[in-house]
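Both backbone and side-chain heavy atoms feed into the values below; hydrogens, waters and symmetry mates do not. All values derive from a computational prediction rather than experimental measurement.
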Amino acid sequence: MRRPPEFTAAVAAVASLALAAVLAAAAGAAPLPAALMLERALPHKGAEVEHLKERDRARHGRRGLLGGGGGVAGVVDFPVDGSANPFMVGLYFTRVKLGSPPKEYFVQIDTGSDILWVACSPCTGCPASSGLNIQLEFFNPDTSSTSSRIPCSDDRCTAALQTGEAVCQTSDSPSSPCGYTFTYGDGSGTSGYYVSDTMYFDTVMGNEQTANSSASIVFGCSNSQSGDLTKTDRAVDGIFGFGQHQLSVVSQLNSLGVSPKVFSHCLKGSDNGGGVLVLGEIVEPGLVYTPLVPSQPHYNLNLESIVVNGQKLPIDSSLFTTSNTQGTIVDSGTTLAYLADGAYDPFVNAITSAVSPSVRSLVSKGNQCFVTSSSVDSSFPTVSLYFMGGVAMTVKPENYLLQQASIDNNVLWCIGWQRNQGQQITILGDLVLKDKIFVYDLANMRMGWTDYDCSTSVNVTTSSGKNQYVNTGQFDVNGGPPRLYGGGLIPTVAVAAVALIFGGFSRR
């Protein structure tokens with residue numbers, strides 16, 4: 001939740017008091033009341049861990065987590081806007097251009113769901129303004145000359161019914177609109193109906209010339225929102241799902257021969273956030289791949305073991321076997337990381353035992369925390385997650401610790417990975433995914449990753465197999481999109497390749 005500057009300053013003061021209490025206790029003075037604050041992913045500063053966990057539960061509730069083609073034309077490049085700081089923005093979004101005449105819509109990026117939906121006119125409960133310093137729009141299918149409603153008799157609606165992403169009552173006639181209802185774990189949600197309309201983008205050729213392009217896609221037209229979706233502080237025009245199902249834009253554009261059946265991202269872990277998100281395959285020498293578990297609604301991997309400081313943890317590998325009640329999921333829509341209940345204690349105990357002798361340990365509100373004046377890389381162990389095929393994912397201290405406060409040279413850190421209470425599902429969220437390239441190769445049912453500086457350029461393959469560059473760079477507000485103003489937003493992707501750029505971004 002976005003907070004005003006004075007609130008952010010107040011939170012920083014509280015966190016400093018918490019660290020002061022630890023230092024005072026160590027010196028023999030009476031401790032102050034503990035008030036630990038955990039950070040929002042990328043970089044997670046100042047937000048209470050229960051607040052972060054509640055936000056994750058809301059997302060997971062919608063997606064069922066936590067128990068709750070043809071010739072390819074090119075690479076689709078999505079600018080990634082927003083701030084990593086939870087007190088400024090706290091989410092990532094891109095911009096799409098829809099309808100005739102076209103209008104631009106800001107939509108949150110979510111790899112844990114499938115559907116692109118935007119708020120439509122009229123709409124009950126939909127915010128009309130946003131604290132993100134963006135101007136909200138409402139899609140109106142009646143004023144778009146290329147729009148058509150998807151009826152229940154449409155094959156695409158039938159397919160969506162099978163995956164639970166569409167609603168048609170038995171009493172509905174075949175011509176009734178194909179509807180949907182998505183509910184969040186906290187009770188908020190959205191409902192509406194599916195439409196088909198034109199999405200516009202620019203095709204950037206190898207000679208750096210651009211050509212206007214478009215494709216007809218199916219997306220959701222939401223006419224009702226409830227709960228937290230009605231709030232204005234972090235409101236956007238909709239949500240852009242990057243899942244595997246037939247109605248995801250990834251699948252639709254691939255079936256039309258517009259883009260490959262693979263997408264990649266690289267999330268910057270620095271305070272200003274940003275990164276790279278493309279429909280295409282980032283190629284780097286250090287990339288390693290492991291199979292995706294087939295026939296799963298999410299991006300499941302076969303986690304086999306966890307190693308801390310070179311020592312394999314005493315966890316039965318069957319705990320990570322994928323089933324309806326357990327497994328390991330990669331989800332960029334989750335802020336923190338959640339370990340299967342049976343793996344949490346061995347993990348925390350191993351970290352605590354391996355820290356440098358100069359590090360002071362404490363537990364507050366159930367969270368294992370530490371105070372140190374040294375760098376985390378020299379004071380804390382490296383973690384390795386081993387997946388099917390012996391493939392390792394390196395987890396640096398910054399990928400499992402959250403910085404809470406600092407006084408002079410002393411810094412308070414807490415373990416950001418949470419216990420998935422009563423569940424044997426492990427979820428790797430943004431805390432783990434940041435500062436790495438991730439490739440979701442759906443054509444070959446595999447996922448790849450490597451450590452990477454996401455503020456630098458990346459190589460992306462095109463349909464010809466030729467490598468091109470996608471660069472990160474500062475977004476020019478004055479010369480950029482006319483509806484984005486103020487707020488210190490930092491889009492990051494500039495293209496010098498065969499690529500499709502949504503919404504005419506010049507370059508989140």
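- By the 6.0 Å contact criterion, OH on Tyr386 is open, its count of non-hydrogen atoms from other residues, nucleotides or ligands being 12 or less.
- Proximity of Arg234 to Phe93: side-chain heavy atoms (C-beta onward) are nowhere separated by under 4.5 Å.
- Cysteines Cys123 and Cys126 have SG atoms closer than 2.5 angstrom.
- Between the side chain of Thr183 and the main chain of Gly189, no donor-acceptor pair closer than 3.5 Å is present.
- In terms of modelled atom types and a separation under 3.5 Å, the side chain of Ser196 and the main chain of Val218 share no donor-acceptor contact.
- The closest donor-acceptor contact from the side chain of Asp451 to the backbone of Lys436 lies at 3.5 Å or more, if one exists at all.
- When atom types are taken as modelled, the side chain of Ser144 and the backbone of Pro141 share no donor-acceptor pair closer than 3.5 angstrom.
- Annotation: side chain of Tyr440 is not in contact with side chain of Leu292 (no heavy-atom distance under 4.5 Å).
- Residues Leu116 and Gln252 have side chains not in contact (no heavy-atom distance under 4.5 Å, counting atoms from C-beta outward).
- Judged by distance alone, with hydrogens and angles left aside, the side-chain atoms of Ser130 form a donor-acceptor pair with the main-chain N or O of Leu132 at under 3.5 Å.
- Looking only at distances, no side-chain donor or acceptor of Thr146 sits under 3.5 Å from a matching main-chain atom of Gly99.
- For the pair Asp331/His298, no side-chain contact is recorded, criterion being any heavy-atom separation below 4.5 Å from C-beta on.
- To the nearest 0.5 Å, the span separating CD on Gln135 from CD on Glu104 amounts to 10.5 Å.
- The shortest distance between side-chain heavy atoms of Asn399 and Lys434 falls below 4.5 Å.
- A donor-acceptor pair under 3.5 Å links the side-chain atoms of Ser153 to the main chain of Pro174, judged by distance alone.
- Between the side chain of Ser384 and the backbone N or O of Ala392 there is no donor-acceptor pair closer than 3.5 Å.
- Disulfide criterion (SG-SG under 2.5 Å) for Cys157 and Cys168: not met.
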Check step by step if side chain to side chain contact (heavy atoms under 4.5 Å, CB included) holds for Ser100 and Tyr200.
-> CA-CA 10 Å; Ser100 300; Tyr200 298 87; 2.6 Å; yes
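- We find the CD-CZ distance between Glu304 and Phe387 to be 9.5 Å, quoted to the nearest 0.5 Å.
- Summarising the geometry of Val293 relative to Leu301, their closest heavy-atom pair is CG2-C, 4.0 Å, with the distance given to 0.1 Å.
- Using modelled atom types, no side-chain atom of Asn420 and backbone atom of Tyr338 make a donor-acceptor pair closer than 3.5 Å.
- With rounding to the nearest 0.5 Å, the separation of CZ in Phe240 from CZ in Arg95 is 13.5 Å.
- Each of Thr232, Val118, Asp237 was compared with Leu136 under the side-chain contact (heavy atoms from CB on, under 4.5 Å) criterion, and only Asp237 meets it.
- A donor and an acceptor atom, one from each side chain of Thr456 and Asp453, are nowhere located under 3.5 Å apart.
- Atom CZ of residue Phe438 and atom SG of residue Cys454 lie 10.0 Å apart, to the nearest 0.5 angstrom.
- There is a side-chain donor-acceptor pair under 3.5 Å between Thr190 and Ser222.
- Annotation for Pro177 and Cys152: closest pair O-SG, 3.5 Å, computed over non-hydrogen atoms.
- Ionic pairing of Arg156 and Asp154 is present here: one or more N-O contacts between side-chain nitrogen and carboxylate oxygen are shorter than 4.0 angstrom.
- Using cut-offs of 30° and 60° on the angle between ring planes, the pair Phe263 and His265 is tilted.
- Across all non-hydrogen atoms, the minimal contact from Ile282 to Tyr289 is O-OH, 4.4 Å.
- From Asp435, atom CG reaches atom OG of Ser455 across 9.0 Å, with rounding to the nearest 0.5 Å.
- In this structure, the separation between CE on Met445 and OH on Tyr299 is 9.0 Å, given to the nearest 0.5 Å.
- Side-chain atoms of Val107 and Ile239, non-hydrogen and from C-beta on, never get closer than 4.5 Å to each other.
- Annotation for Tyr194 and Ala166: closest pair CE1-CB, 4.1 Å, computed over non-hydrogen atoms.
- The closest side-chain heavy-atom distance from Leu336 to Leu402 is below 4.5 Å.
- No more than 12 heavy-atom neighbours from other residues, nucleotides or ligands sit within 6.0 angstrom of NZ on Lys396.
- Within 6.0 Å of the CG atom in Asp142, the count of heavy atoms belonging to other residues, nucleotides or ligands exceeds 12.
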Report the C-alpha distance between Ile115 and Tyr180 in whole Å, list the side-chain angles of each, state the deciding distance to 0.1 Å, and finish with yes or no for side chain to side chain contact (heavy atoms under 4.5 Å, CB included).
-> CA-CA 10 Å; Ile115 305 301; Tyr180 62 84; 5.9 Å; no
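- The minimum heavy-atom distance between Ser332 and Thr111, with the atom names listed, is OG-OG1, 2.5 Å.
- Under the side-chain contact (heavy atoms from CB on, under 4.5 Å) rule, Trp449 has a single partner from Val439, Thr290, Thr394, Ile437, which is Thr290.
- A ring-centre distance under 6.0 Å is found for Phe139 and Phe219.
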Side chain to side chain contact (heavy atoms under 4.5 Å, CB included) between Val395 and Trp417, intermediate numbers included = CA-CA 12 Å; Val395 182; Trp417 291 23; 3.8 Å; yes
Pair Leu277-Thr94, side chain to side chain contact (heavy atoms under 4.5 Å, CB included): steps then yes or no | CA-CA 10 Å; Leu277 175 65; Thr94 188; 5.8 Å; no
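- Between Thr322 and Asn302 there is a side-chain heavy-atom pair separated by less than 4.5 Å.
- Asp441 and Val262 get closest at one heavy-atom pair: CA-CG2, 3.6 Å.
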